[in-house]
Amino acid sequence: MATAVKETGDTGIMANKEARQQWLAEQTAKSKEKQVSFINSISSKLGRARPTAAPAHPFRGAPDFWREFEWPIDERAEKFMENFRAVGGHSLRLGSMEEAKQFIVDKAAEMSAKYIIRQNQPELAEMDLEFALSEAKVSVWNSDPEEQWKARAAEADFGVVVVDHAAAYTGSLTVLSSKDKGRSVSLLPTVLMAIIPIERLRTRLGEVLVEFDRAGREQLPAGIHFISGPSRSADIENDLTIGVHGPGVVYAIIVG
Amino acid sequence: MSGATQTNLGTVKERAGLALNNDFLRKAVKFTTERLRTGKEKAAADHGNWDEWRERGRQIRLHTIAHLDYYLNLFVENARANGVHIHFAETAAEAVEISLAIAKQVEARTVVKSKSMVTEELHLNHALESIDVEAIETDLGEYIIQLAGEAPSHIIIPAIHKNRYQIAELLSADAGETLAPDTQILAGFVRRKLREKFLEADIGMTGCNFAIAETGSMVLFENEGNARMVSTVPKTQITLMGMERIIPSFEDLEVMATLLPRSATGQKLTVYMSGISGPRREVDADGPDEMHIIIVDNGRSLQLGDPEFQELLNCIRCGACLNACPVYRHIGGHAYGGTYSGPIGAVLTPALKKNIAEWDDIANASSLCGACYEACPVKIPLHEMLVYLRRRKLEAGRGDKLEAIGMKGFAAVMKNSKRFGAVLKIGKLGQKLVVRDGGIRSKIGPLKGWNSYRVTPSLPSESFREKWPTMEQEIRHGLQEMDPAVKSRMEAIVRERQSGGNGGKGNGGHGHHG
Amino acid sequence: MKVSLFITCLSDALYPRVGEAMVRLLARYGVQVEFPKVQTCCGQPAFNSGYWKEARETASTILEAFEDCDFVISPSGSCTGMIHHYPKLFEHDPVMLEKAIKLQQKSYEFTQFLVQVLGITDVGAAFPHKVTYHPSCHGSRLLGVKEEPLLLMEQVKGMELVPLPFANDCCGFGGTFAVKMSDISGAMVTEKADHVLETEAEVLVGLDLACLMNIAGNLRYRDKPVRVMHLAELLYEGVKGA
C-alpha cells in the first residue's frame with residue numbers, strides 16, 4: 001500500500017517536472033524572440049546599426065597608476081590583518097597549517113563548538129579536524145549524497161574553509177563554489193574560520209578579479225564570494241551593527 | 001501598502017511641509033546623512049586620487065551605455081549559456097506578470113527578498129500578495145519599513161527616516177516582547193526571526209548591482225548576508241535587473257567596487273560582494289536549482305539617445321547624492337513621492353515616467369547647489385539635468401502662467417540697460433511705502449515666502465551705474481602705475497588664450513554641459 | 001589690456017559698495033576697470049527656471065557688453081558660472097555660440113582674477129576682527145574657486161578666521177527656489193545662520209551677494225548683529241584702515 005502511494009507520488013512529480021520543462025522551453029523561445037526586438041530597439045534609440053564586433057574599450061579596468069601598486073608580502077599580510085580587524089573581524093598570521101589546526105581546536109574548545117562543518121578540501125582533510133575535535137561533530141561538505149547539507153551548515157557553530165584568494169587592500173577573502181566547496185559553509189554557521197595560504201594573498205582586489213576574466217565564462221563556478229569581515233548592517237542610524245544574517249564572528253588566519 | 005501613506009498629498013511642496021514639521025524625521029535624516037557623508041569623504045580621501053577614479057568610473061559607464069545593445073546582448077547570451085532563464089520586460093506590468101508566472105509555476109508560498117530598488121519600482125510585493133504569496137523583505141532596513149507599511153526613503157538606508165527608538169517599537173510589536181533600542185539587540189532579533197524564513201522559502205528574489213557582459217555573471221553588494229542567503233538557500237532564484245546595470249568585465253568591476261561602497265557608506269568594500277554565474281552546477285550541493293533574470297526597461301530606454309539625459313543611466317545607485325543634498329537632509333525621501341528620492345530621484349522619476357505632468361514639480365525641489373554632482377562617483381551632472389527638466393516642462397506647455405508673465409517681464413526689463421536703470425529708479429520711489437529701518441519686512445504678495453524667514457534689503461540711494469561717472473573720474477585721477485611683471489603676466493594669459501589654451505585658468509571647476 | 005567689470009544686477013541695484021570696493025582696490029595695482037553700461041543681468045533666474053528664450057535675451061546684453069575686452073571680472077561666482085552655461089544656452093546659434101565661448105574663456109570671478117591673473121595674494125589689508133567664511137556653491141563647485149579666497153584671507157593682518165561648520169552646504173538661496181519652495185529654503189538658511197552664530201564671528205564674509213543677502217536677511221530677521229560682507233569690501237576696508 002505504502003509503496004503504491006509512493007509510486008503514484010513519483011509519477012506525479014515526474015509529470016510535474018515534464019510540464020515545468022515544457023513551460024521553461026516555451027519561456028526560452030519567447031525570450032529569444034523578444035531579445036531581438038529588445039536589443040534592436042536599443043540600437044535604434046542610440047541612432048545606429050547594431051554592432052557586430054566588440055567595441056574598443058579604452059578605459060577597461062582600473063587607472064594605469066593603480067595597476068603598478070603592490071605591497072611586499074609581509075606588508076601585505078600586515079595590511080590585510082589591519083583592514084580585517086578594522087571592520088570587526090579577527091585576523092592573525094601563523095607559521096604552519098599545524099598551528100592553524102591548533103588554533104581552531106583551541107577556539108572550538110573555548111567557544112564550546114558542538115557542530116562543525118568544513119569544506120571538502122585536501123588541506124583540511126590533512127588537518128584531520130575530525131580526529132582532533134573528537135568532542136564535536138565534524139561534517140565534511142557534500143561527502144554523502146543523502147545528507148541535507150544546507151541544514152548541516154545552518155546548525156553549525158563553526159564553518160571552516162581554505163580561501164581561494166585574498167586581497168590585502170580591502171581586507172577581503174574570496175571563496176569559490178564547487179562540488180566540494182559549499183556556499184553555505186562560509187555563510188550559515190555562527191563562526192567562520194577562513195585559512196589563507198599566504199601565496200594566495202594579493203595586494204589589490206583587481207589582481208583577483210582579473211583572474212575571472214582570464215579564466216572565461218566556462219571556467220567560472222556558480223558562486224564567487226568576496227567576504228570582508230563579519231556580517232553587519234548600516235540600516236539603523238548607520239551604526240554598523242555586527243552579525244545580522246551571515247557569520248557574526250570571522251577569523252581570517254594567514255598561514256605562511 | 002507600497003508608499004500609499006506617503007503619496008496621498010499632491011505636491012512636493014505639501015509633502016515637504018509635512019516633513020519639515022516632523023522633528024523626529026528631520027533629526028533622524030540629518031544625523032544619518034551626516035554620518036554617511038563624513039564617512040564617504042574620509043574613505044575617498046584615504047583612497048586617494050578620487051577624481052581620477054571617478055573619471056574612470058564615468059568613462060566605463062559612458063562606454064557601456066553607448067554600446068548597451070552590444071553588451072546587453074552579450075550578457076544575455078552568456079547568462080543563458082550559464083543556465084539562466086532570461087526574460088525581457090519592457091514595462092513594469094510585464095515584469096510583474098513574469099515574476100508571478102514563475103511563482104505560480106513553482107507553486108511558491110513564500111518569497112524571501114534581498115534589497116532591490118527595481119522591485120520597489122514595480123510594487124512587486126503587493127502583486128505577490130495578490131496571488132497569496134508572502135513576500136518577506138530580509139534586508140534589515142527593508143524589513144523595518146515593511147513592518148511599518150512604508151516605502152524606502154533612501155536608496156541604501158531604506159529606514160533612514162526612523163531612529164533606533166522608533167525601530168525598537170516596531171520590532172517589539174513584531175516580536176511580541178519589548179526589545180531595547182540597541183542596534184545589536186534589534187539586529188539579533190531579526191536574524192533569528194528571518195533565519196527560519198530563509199530555510200523554508202520557495203523563491204529567493206534579488207536585485208542586481210552589476211551584470212558582467214563577458215561572463216554572464218550578476219554581482220551583488222551587501223553587508224548583511226541576506227542577499228547571499230536568498231541566492232543560496234531557496235530552490236528558485238529570481239533576479240530583477242534594470243537593463244542598464246551592465247559592465248563589460250570583472251576588471252571593470254574593480255572600479256565599481258572602488259567607487260560604490262566608499263560612496264555609499266564609506267566602506268572599502270561591502271562585507272559581501274558576490275558574483276553569481278548561473279544556478280548550481282549539477283554536482284553542487286547548494287545554490288538554486290533554477291535561476292531567472294528579468295531584464296527590466298520600465299522607462300530606462302527613453303534616456304538612450306537623449307544627449308541631455310543619457311548619462312542618467314550611468315547611475316550606480318550609491319545614494320551619495322542624497323547624503324550630500326541639503327534639501328534631502330531637511331525633507332527626507334518620502335517628500336519626493338517616487339521610488340527614488342533625493343537629487344537622483346528628482347531627475348530619474350520624471351525621466352522614467354516620460355516627463356508626465358504629475359512629476360513636474362519635483363525638479364523644483366533643488367537649489368541647484370551642485371553638491372549632488374560633486375558627490376556622484378560617476379559624475380552625473382544632476383544639477384544641470386534639473387534645469388533641463390524645468391525647461392522641458394515649459395516646452396511641453398505645462399508652465400505656470402504667472403511665472404511665465406513674470407519671466408517675460410524680467411526679460412523685457414533686462415534686455416535693455418536703460419529700462420533696467422529706469423526700473424531701479426521707480427523701485428526706489430515705490431519702496432518708500434514698505435521700507436522701515438533700511439529693510440523690508442512686509443509679508444504680502446511675492447515677498448511672503450521670502451520674508452517669512454528674512455528681511456529684504458532696501459535699494460540704496462544710488463545704484464552702481466548711477467555712481468559710476470563720479471567714481472570713474474576719481475579712479476582715473478589716482479590710478480597707480482601697473483607693475484610690469486603683472487602686465488606681462490596678463491599679456492601672456494591673453495596670448496595663451498588666443499592660441500587655444502585655457503589662459504592659465506584653474507581647472508577645478510565644472511559646469512560645462514557634457 | 002582692457003579689463004571690464006561685470007557688476008551683476010544684484011550688486012548694481014542693491015550693493016554698489018561692493019563693485020566700488022573692487023574697482024578701487026584694483027586701481028591700486030594700476031588696473032583701470034571699464035564699466036560697459038549696456039550690461040544688465042546674466043539671465044540666470046530665467047535660465048534656471050527653464051525660460052531659456054528669456055535667458056538668451058538677457059544674456060545677449062552681457063555678450064554685447066564684453067565683446068571687445070580682454071578680461072571680465074565679477075563679484076559673483078554664480079553669475080560668472082552662468083557665463084559658463086552660455087555655450088549650452090546658445091548651442092543652436094553658431095554666431096552667438098562663438099561669442100559665448102570667447103566670453104567664457106575670459107571671465108573671472110574677483111578672487112580668481114586677483115590670484116590667478118594678477119598673481120596677488122597679499123593686498124596689504126588689516127582687519128582686526130573675528131571672521132567666518134561661507135564658500136558659495138556655484139563659485140566653489142561650478143568654477144572651482146576654492147583656494148583663492150583662502151590665500152587672500154590668510155594674508156590679512158589681525159584677522160581671526162574661524163571655520164564655518166558645514167561650510168560647503170548650500171545657504172538655501174537658489175534663485176526662484178527661495179520663493180517657490182520657501183519653507184525648504186527657509187529651513188536651509190536658518191540652519192546656515194545657526195552655523196554662523198555658532199562660530200561667534202563678528203563678520204560673515206563671502207563671494208556671492210545673493211547668498212550673502214539670503215543669510216544676512218535671516219540674521220537680521222532674528223535680530224542677530226553679525227556683519228555680512230563681500231570679500232572685496234573686507235579687503236578694501238582693510239587696505240584703507242592699514
Side-chain angles (χ1 to χ4, degrees), chain A residues 20 23-24 27-28 31 34-35 38-39 41-43 45-47 50-51 55 57 59-63 83 141-142 149-150 154 170-172 177 179 182-184 187 205-206 209-210 212-213 217 220 222-229 231-239 241 243-246, chain B residues 32 35-36 52 56 59-60 63 67-70 73 76 78 85-88 105 140-141 157 159 164 167 183-184 187 191 215-216 223-226 228-229 232-233 248-255 257 265 268-269 271-278 280-281 283-287 301 304-305:
Chain A
R20 275 194 52 57
W23 183 79
L24 286 170
Q27 293 303 308
T28 305
S31 157
K34 188 120 191 223
Q35 182 178 350
F38 200 91
I39 303 287
S41 142
I42 297 175
S43 309
K45 282 184 176 120
L46 288 170
R50 189 163 146 188
H57 179 13
F59 302 103
R60 189 181 171 107
N83 283 322
W141 180 259
N142 207 11
W149 287 105
K150 286 182 264 189
T170 52
S172 313
S177 68
K179 170 179 162 288
R183 287 146 78 164
S184 306
L187 178 65
L205 197 62
L209 288 167
V210 75
F212 305 130
D213 286 330
R217 182 193 68 72
L220 295 187
I224 299 170
H225 301 284
F226 287 78
I227 302 171
S228 312
S231 155
R232 57 195 340 192
S233 172
D235 279 350
I236 304 176
E237 297 182 355
N238 189 35
D239 177 11
T241 314
V244 190
H245 300 299
Chain B
T32 306
R35 223 163 150 164
L36 290 163
E52 285 173 63
R56 182 53 66 118
Q59 291 298 344
I60 291 171
H63 169 82
H67 302 93
L68 188 62
D69 44 359
Y70 176 79
N73 195 61
V76 168
N78 282 322
H85 300 283
I86 298 279
H87 309 263
F88 295 92
Q105 269 295 316
L140 180 55
I157 316 277
R164 66 179 71 205
I167 292 168
T183 50
Q184 207 78 27
R191 176 188 170 97
T215 59
N223 282 319
E224 297 177 13
N226 62 315
R228 284 191 66 190
M229 289 283 188
T232 302
V233 184
S249 65
F250 273 100
E251 265 195 275
D252 295 309
L253 181 62
E254 184 185 12
V255 179
T265 52
K268 287 183 174 160
L269 190 61
V271 176
Y272 303 107
M273 176 175 83
S274 302
I276 297 167
S277 310
R280 73 175 178 87
R281 305 298 182 249
V283 293
D284 292 352
D286 60 1
S301 65
L304 288 168

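The sequence lines fix the lettering, A, B, ..., with proteins before strands; numbering per chain opens at 1. The shown structure was predicted, so the numbers you read here are calculated from the model rather than taken from an experiment.
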If you compare all heavy atoms of [X] against all heavy atoms of [Y], which two are closest, and at what distance to 0.1 Å?
X: Gly278(B); Y: Ala222(A); result: O-CB, 3.9 Å
X: Arg56(B); Y: Gly61(A); result: NH1-O, 3.1 Å
X: Phe250(B); Y: Asp213(A); result: N-OD1, 3.0 Å

Return the option, out of [options], with the maximum number of heavy-atom pairs under 4.5 Å with chain A.
options: Gly305(B), Gly141(B), Ser274(B); value: Ser274(B)
options: His85(B), Arg191(B), Glu52(B); value: Arg191(B)
options: His63(B), Gln59(B), Met229(B), Gln184(B); value: His63(B)
options: Ala187(B), Gly275(B), Ala159(B); value: Gly275(B)
options: Ile157(B), Leu269(B), Asp286(B), Leu140(B); value: Asp286(B)
options: Arg281(B), Gln105(B), Arg280(B); value: Gln105(B)

4.5 Å side-chain heavy-atom contact, [X] and [Y]:
X: Arg217(A); Y: Ser277(B); result: no
X: Val210(A); Y: Glu254(B); result: no
X: Ile60(B); Y: His57(A); result: yes
X: Tyr70(B); Y: Arg50(A); result: no
X: Thr265(B); Y: Arg232(A); result: no
X: Tyr272(B); Y: His225(A); result: no
X: Ile42(A); Y: His67(B); result: no
X: Asn226(B); Y: Val244(A); result: no

For [X], is it the side chain, the backbone, both or neither that has a heavy atom under 4.5 Å from a heavy atom of chain A?
X: Ile167(B); value: side chain
X: Val255(B); value: side chain
X: Arg228(B); value: both

Please identify, among [options], the residue contributing the most non-hydrogen atom pairs under 4.5 Å to chain B.
options: Lys34(A), Lys179(A), Arg183(A); result: Arg183(A)
options: Ala62(A), Ala154(A), Gly171(A), Pro55(A); result: Pro55(A)
options: Asn83(A), Leu46(A), Leu205(A); result: Leu46(A)
options: Gly223(A), Ser184(A), Pro63(A); result: Pro63(A)
options: Trp141(A), Trp149(A), Trp23(A); result: Trp23(A)
options: Arg20(A), Gln27(A), Lys150(A); result: Arg20(A)

From [X] [atom1] over to [Y] [atom2], what is the distance, rounded to the nearest 0.5 angstrom?
X: Ile224(A); Y: Thr215(B); atom1: CD1; atom2: OG1; result: 7.5 Å
X: Asp284(B); Y: Asn142(A); atom1: CG; atom2: CG; result: 8.0 Å
X: Thr32(B); Y: Ile236(A); atom1: OG1; atom2: CD1; result: 10.5 Å
X: Gln35(A); Y: Asn73(B); atom1: CD; atom2: CG; result: 5.0 Å

message: Any side-chain to backbone donor/acceptor pair from Asp69(B) onto Ile39(A)? Under 3.5 Å, distance only.
response: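 Flag not set: sc Asp69(B) to bb Ile39(A) has no pair under 3.5 Å.
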Looking just at side-chain N and O atoms, do [X] and [Y] make a donor-acceptor pair shorter than 3.5 Å?
X: Asn223(B); Y: Ser233(A); result: no
X: Ser31(A); Y: His87(B); result: no
X: Thr170(A); Y: Lys268(B); result: no

task: Would you please test Thr183(B) and Glu237(A) for side chain to side chain contact (heavy atoms under 4.5 Å, CB included) and show each step?
output: CA-CA 9 Å; Thr183(B) 50; Glu237(A) 297 182 355; 5.8 Å; no
Region of Ser172(A) that comes under 4.5 Å of a non-hydrogen atom in chain B: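 Contact with chain B is through the side chain of Ser172(A) alone.
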